[in-house]
Amino acid sequence: MWITHSAGVARAMAEWLVDGAPRTDLHGCDLNRFETAQLAPGYVHARSCQSFVEVYDILHPLQPAEKYRSLRTTPFYERQKDLGAVFLEAAGWERPHWYEANADLPEVAGIPARNEWASRFWSPIAGAEALVARERVAMFDMTPLKRLEVTGRGALPFLQTLTTNQVDKKPGAVTYTLMLGEDGGIRSDLTVARLADHTFQVGVNSQLDLDWLRRQLPADGSVQVRDLTGGTCCIGLWGPRAREVLAPLTKQDFSHRALGYFKGQQAYVGGVPVTALRLSYVGELGWELYTSAEYGRLLWDTLFEAGQSAGIIAAGRSAFNTCMRLEKGYRLWGTDMTAEHDPYEAGVGFAVKMDKGFFVGREALEGKPPSSRRLSCLTIDDPYAVVMGSEPVYVGGQPAGYVTSAAFGYTIGKSIAYAWLPVEAVAGTTVQVEYFGERVPATVAAEPLFDPGMARLRS
Ligand code: THG
């Protein structure tokens with residue numbers, strides 16, 4: 001630790017010793033956060049040297065590391081390179097942020113320019129990809145989204161105890177649920193797909209979730225947790241024309257009646273055995289299609305070919321994570337909400353079922369007084385001013401909170417920022433975001449900004 005941080009470190013350590021948990025979210029320095037590949041001695045050395053050199057630099061939030069790239073690639077990597085993918089890295093994975101092959105989309109011309117800082121590691125192509133996914137259909141490589149298999153006769157009570165939502169549903173059901181700490185703070189948000197009585201596929205956020213679940217395993221061996229991520233892959237097939245692409249490729253019924261929102265089923269797509277989960281972090285009709293790694297290339301080719309007549313494109317992380325996710329108001333754990341926040345103030349209280357019986361964190365929530373802050377949605381009036389996240393927000397001229405995620409929402413045609421703000425800053429309140437020394441006007445908005453009636457997802 002550098003001396004600038006020492007007093008805060010001392011406070012966190014004292015809280016840890018006295019109260020059992022620090023009040024500050026420390027997941028960013030938890031030693032259990034690393035993927036196995038990130039523990040290779042050469043990797044640790046290279047990244048540590050880089051951190052030392054950069055300690056006082058102003059780094060762009062998307063600036064990629066140069067050494068130890070291409071550690072983890074998905075089965076679609078060659079296809080993505082052929083489409084001119086521009087890759088950035090996370091958790092060792094190479095992730096396409098946009099595809100140069102989409103440069104010719106007519107939508108590119110209408111994408112507003114950005115200021116110099118916000119236009120780094122960005123392209124107007126990303127905006128066009130977001131629009132095409134909303135108008136037609138797109139394939140997103142979701143492989144790096146970490147997934148675990150939880151099995152055994154104790155699997156259901158294990159997940160019921162550790163998460164907030166009701167996951168005791170029939171096989172085929174998918175549930176959005178939260179893991180809390182004893183203090184009611186959000187440790188993570190997950191999707192739990194019940195594939196069979198004693199088999200669950202759990203979509204998690206990071207290695208920290210795997211570590212936490214493993215440490216909670218009952219001693220009697222009645223539950224097993226396995227990391228499926230590296231041996232499997234996933235394509236998110238999303239957009240209003242997604243069903244038109246998928247239906248001719250399978251004998252399984254993918255109609256809304258047969259496979260509703262937040263439901264899953266096994267199927268063959270072309271010759272490929274998949275697990276299809278009907279949910280979408282970008283808020284469109286479609287499925288996460290999982291298969292084991294050796295079928296990945298065929299799954300990609302099958303969907304891409306079948307989708308041509310519907311105008312399918314491959315779309316990248318830039319369109320996915322910020323533009324589309326923020327329009328739908330979906331929270332990103334670790335950025336929008338952490339262990340410092342409870343589910344209600346973070347806007348995910350709907351995933352807490354107080355009447356389901358015991359779960360970790362329940363008691364703390366029962367006694368909680370109403371919160372004085374809320375994760376709020378802002379729109380920024382000037383389309384050129386795309387902020388990046390972590391900027392201070394002023395209410396009535398006083399610093400009152402900070403931005404978590406921000407992006408331009410191409411469908412709604414406005415710049416969006418999520419921010420922690422006092423509850424008094426209700427929808428319609430004018431605030432200011434400090435960006436490079438200037439105060440940029442913004443307005444608190446009712447959320448979500450896109451499809452609040454869920455017509456898209458439930459079609
Ligand atoms: N897919 C899968 N697992 C995941 C994610 C994912 N696990 C980690 C992370 N992403 C979890 N985050 C979310 C956030 C929102 C939603 C899904 C995963 C979502 N929410 C609906 C909503 O708020 O409208 C839930 C509706 C409901 O509960 O009925 O879809 O991307 N597999």
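All ligand and atom numbering here is 1-based and tracks the order in the structure. What you see below is based on every heavy atom in this structure, not just the backbone, and it leaves out hydrogens, waters and symmetry mates.
- Using a 4.0 Å cut-off between a side-chain N of Lys or Arg and a carboxylate O of Asp or Glu, Arg187 and Asp209 do not qualify as a salt bridge.
- When Tyr281, Tyr290, Phe350, Phe320 are ranked by how near their heavy atoms come to atom 14 (C) of ligand 1, first place goes to Tyr281.
- Considering backbone and side-chain atoms alike, Arg458 places every N or O at 3.5 Å or more from each N or O of ligand 1.
- Seen from the ring of Phe34, Arg47 does not count as a face-on cation partner, given the 6.0 Å and 45° thresholds.
- With respect to Arg331 and Glu447, a salt bridge is recorded, a charged nitrogen being found less than 4.0 Å from a carboxylate O.
- Between the choices Tyr330, Phe140, Trp333, the shortest heavy-atom distance to atom 20 (N) of ligand 1 belongs to Tyr330.
- Between Phe320 and Trp238, the ring-plane angle classifies as parallel under the 30° and 60° cut-offs.
- Ring geometry, Phe121 versus His60: the interplanar angle exceeds 60°, so the pair is classed perpendicular (tilted spans 30 to 60°).
- Heavy-atom proximity to atom 18 (C) of ligand 1, evaluated over Tyr176, Phe262, Tyr261, is greatest for Tyr176.
- The option with the heavy atom closest to atom 2 (C) of ligand 1, from among Thr191, Asn205, Leu178, is Thr191.
- Contacts of Leu279 with ligand 1, taken as heavy-atom pairs under 4.0 Å, involve the side chain alone.
- The protein non-hydrogen atom at the shortest distance from atom 12 (N) of ligand 1 is Asp189 OD2, 3.2 Å.
- Neither the backbone nor the side chain of Thr175 has any atom closer than 4.0 Å to an atom of ligand 1 (non-hydrogen atoms only).
- Nearest protein heavy-atom neighbour of atom 5 (C) of ligand 1: Leu145 CD1, 3.7 Å.
- Here the side chain of Arg297 pairs no donor or acceptor atom with the backbone of Pro75 at under 3.5 angstrom.
- Ligand 1 has a nitrogen or oxygen under 3.5 angstrom from a nitrogen or oxygen of Gly203.
- Contact annotation: for Lys328 versus ligand 1, there are no heavy atoms closer than 4.0 Å.
- Sparse packing is recorded around CD of Glu363, with 12 or fewer heavy atoms of other residues, nucleotides or ligands lying under 6.0 Å away.
- Distance alone, capped at 3.5 Å, places no donor-acceptor pair between the Thr199 side chain and the Thr151 backbone.
- Of all protein heavy atoms, the one closest to atom 1 (N) of ligand 1 is Glu288 OE2, 2.7 Å.
- Between Arg373 and the choices Glu340, Glu345, Glu424, the salt bridge (Lys or Arg N to Asp or Glu O under 4.0 Å) rule is met once, by Glu345.
- Residue contacts with ligand 1 do not include Arg147, since none of its heavy atoms lies under 4.0 Å from the ligand.
- Interface of Met454 with ligand 1, defined as ligand atoms under 4.0 Å from a residue heavy atom, comprises 24 (O).
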